[in-house]
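First up is the structure itself, then whatever we jot down about it.
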Amino acid sequence: MVGWVEDPETYPIQPKAHSLEFLREVAHLRPRTNVIGACTRVRHTLAMAIHRFFHERGFVWVNTPIITASDAEGAGELFRVSTLDLANLPRTPDGKVDFSQDFFGKEAFLTVSGQLNVETYCQALSKVYTFGPTFRAENSNTSRHLAEFWMIEPEIAFADLHDDATLAEEFIKFLIDDLLTRRPDDMAFFDQRIEKGLLERLRHVLETPFRRLPYTEGVAILREAQGKGAKFEFPVEWGKDLQSEHERYLTEQHFRQPVVLMNYPKQIKAFYMRLNDSGTDGAPGDTVAAMDVLVPGIGEIIGGSQREERLDVLDRRIDEMGLHKPDYWWYRDLRRYGTVPHAGFGLGFERLILFCTGMQNIRDVIPFPRAPKQAEF
RNA sequence: UCCCCGAUAGCUCAAUGGUAGAGCGAGCGGCUGUUAACCGCUAGGUUCCUGGUUCGAGUCCAGGUCGGGGAGCCA
């Protein structure tokens, strides 16, 4: 140890319990505390395990770009990347900002997902994944959202939705098992101080097969539960997305185990998800091969799908959703020049850490959280 | 962005509209084979900001800022 605390009167970290809220305000000093230290080691261990899981199975890590010119998924607000002088913006004749004079010669943003990019490498290398930072400019003020977070997105060729679900289940179980084996000290700490019963919860996930069921059946179960007196704030109706309370009822009350919900109504899912045959799983309307993995205590932790490989169907979906087809020219090319069925999913790294540690606030499991009005350190 | 709650000493929190306190921490001294120990003394405050009501505001009112919980969006 070098040096002394120059003024003990003002040194904020004391030999006593501090609130996590307070420690967030001293993010440059909080790594010296036991909780943040444990979170940081667990984060590292999980990151290593993620790479090992994929590497051992022949996946190739693809570094997708952080700066992108396409709002690929249409998912969420984007952070703009620009070198234009904000005080003196170049204008086109009709008064709009002239982005042709910007650094990239067009509008550019921070990525919201590496998925569309990683699909291009999936078409060549079969088993690939991304693991890197992702950005959402949404004004989300919750304990589960960050403006900058890390995401894991595997993509596998010659695979359908069930292959995807199997990969997701093996992935989650591998990570939990690896973490319990390599960090028993930190995990005992979390079990004792952060969430009583954490180890039991994780072992239960490890030992229980994930329950797969169609969205349509999930809706039926929820409506039946309502008939028996279960109260939900939001209505349960086929064709609407399930609310957090519905997802948590299924995984925490009804099944008491991880649940993979599959085959959602097409109108609530993204354009690139593969259209199912009409009536799949007895659905009253058209569905797509999408899945959400729900776990007790967190709710949705993984979202994935089989991708639409048929160009004519893909084009119809792009039109239906009012998207601008020319923006997706290279994504469509993947179908024009030979393609294979493929599938993948996305997992928020910090949400995984919450799930594995019992920590409550996502801002405590990333070293320097970025959120609305928060970028101090 | 919406709903609810909050902001007072370094930290965690008290304070019927009437002199701002405690515990912990800190400094000094004492005691003690201590383990988040004990005793005494001392220092430490623009009560988040702006405005308003009032003889008088930490307290009541309005607006704002920031934080927490929940929701939406989603990962």
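Order of the sequence lines sets the chain letters (A, B, ...), proteins ahead of strands, with each chain counted from 1.
Here, G63(B) and C5(B) have their P atoms 14 Å apart, quoted to the whole Å. A26(B) sits 16 Å from G45(B) when the C1' atoms are compared, rounded to a whole Å. Going from the C1' atom of A57(B) to that of C66(B) covers 22 Å, rounded to whole Å. Of the P atoms belonging to G44(B) and G21(B), the separation is 13 Å, rounded to the nearest Å. Using atom C1' as the reference point in both C3(B) and U12(B), the two lie 28 Å apart (nearest Å). Taking the C1' atoms as reference points, G6(B) lies 14 Å from U47(B), given to the whole Å. For the P atoms, the distance from A15(B) to U54(B) is 27 Å, rounded to whole Å. Using atom C1' as the reference point in both C13(B) and A20(B), the two lie 14 Å apart (nearest Å).
Among the protein residues, Ile301(A) comes within range of the sugar-phosphate backbone only, with heavy atoms under 4.0 Å from sugar or phosphate atoms but none that close to a base. Nucleic acid contact for Phe234(A): sugar-phosphate only, since backbone atoms but no base atoms lie under 4.0 Å from a heavy atom of the residue.
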- [ ] Would you mind building the protein contact string for nucleotides 63-69 of chain B? One character per nucleotide, 5' to 3', B for base within reach (heavy atoms under 4.0 Å), S for sugar-phosphate only, - for untouched.
- [x] ---S-SS
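Pairing for G51(B) is with C61(B), a Watson-Crick or G-U wobble pair whose two hydrogen-bonding atom distances lie under 3.5 Å. With both pairing distances under 3.5 Å, G6(B) is matched to C66(B) as a Watson-Crick or G-U wobble pair. Across all strands shown, the partner of G21(B) is C13(B), judged by Watson-Crick or G-U wobble contacts whose two distances both fall under 3.5 Å. Figure legend. C31(B) is base-paired to no nucleotide; pairs are counted as Watson-Crick or G-U wobble with both atom distances under 3.5 Å. Base pairing analysis places G72(B) opposite nothing; no Watson-Crick or G-U wobble pair with both distances below 3.5 Å involves it.
The interatomic distance linking His145(A) (NE2) with G70(B) (C1') rounds to 13 Å, in whole Å. Distance CD (Glu77(A)) to P (G72(B)): 18 Å, rounded to an integer number of Å. Going from atom CD of Gln115(A) over to atom P of C74(B) covers 14 Å, rounded to whole Å. As a whole-Å value, the separation of Asn139(A) CG from A71(B) C1' is 13 Å. Straight-line distance from the CZ atom of Arg248(A) to the C1' atom of C74(B): 15 Å, rounded to whole Å. Put simply, CZ on Phe149(A) is 16 Å from P on C73(B), counting in whole angstrom units. For the pair Glu138(A) CD and C73(B) P, the computed distance is 10 Å after rounding to whole Å. Distance, Leu78(A) CG to C74(B) P: 13 Å, rounded to whole Å.
Of the possible donor and acceptor atoms, one in the side chain of Glu169(A) sits under 3.5 Å from a partner among the backbone N and O of Phe210(A). In this structure a side-chain-to-backbone donor-acceptor pair under 3.5 Å is missing from Arg183(A) to Met187(A).
Annotation: cation-pi pair Arg136(A)/Phe79(A) absent, no NZ/CZ under 6.0 Å from the ring centroid and within 45° of its normal. Remark: Arg274(A) fails to qualify as a cation-pi partner of Tyr272(A) under the 6.0 Å distance and 45° angle criteria applied to the six-membered ring. Geometrically, Lys106(A) does not engage Phe99(A) in a cation-pi contact defined by less than 6.0 Å to the ring centre and at most 45° from the axis. Remark: Arg335(A) is not positioned above the aromatic ring of Tyr337(A), lacking an NZ or CZ atom under 6.0 angstrom from the ring centre and at most 45 degrees off the axis.
Residues satisfying the salt bridge (charged side-chain N to carboxylate O under 4.0 Å, His left out) test with Asp319(A), not counting sequence neighbours, are Lys325(A).
For Arg136(A), counting side-chain heavy atoms from C-beta on, the closest listed nucleotide (C74(B), U1(B), A71(B)) is C74(B).
Residues from residues 239-247 of chain A placing a heavy atom under 4.0 Å of any atom in RNA chain B, listed by number, are Gln243(A), Ser244(A).
The side chain of Ser140(A) contributes no N or O atom lying less than 4.0 Å from OP1 or OP2 of C74(B).
Looking at Ile302(A), Leu179(A), Ile298(A), Leu347(A) one by one, the single match for side chain to side chain contact (heavy atoms under 4.5 Å, CB included) with Leu352(A) turns out to be Leu347(A).
No hydrogens or angles considered: a donor-acceptor pair under 3.5 Å links the side chains of Trp238(A) and Thr216(A).
Aromatic ring orientation, Trp61(A) versus Tyr129(A): parallel (interplanar angle below 30°, classes split at 30° and 60°). Ring-plane geometry between Phe232(A) and Tyr249(A) is classed as perpendicular, the angle between the planes exceeding 60 degrees on a 0 to 90 degree scale with a lower cut at 30.
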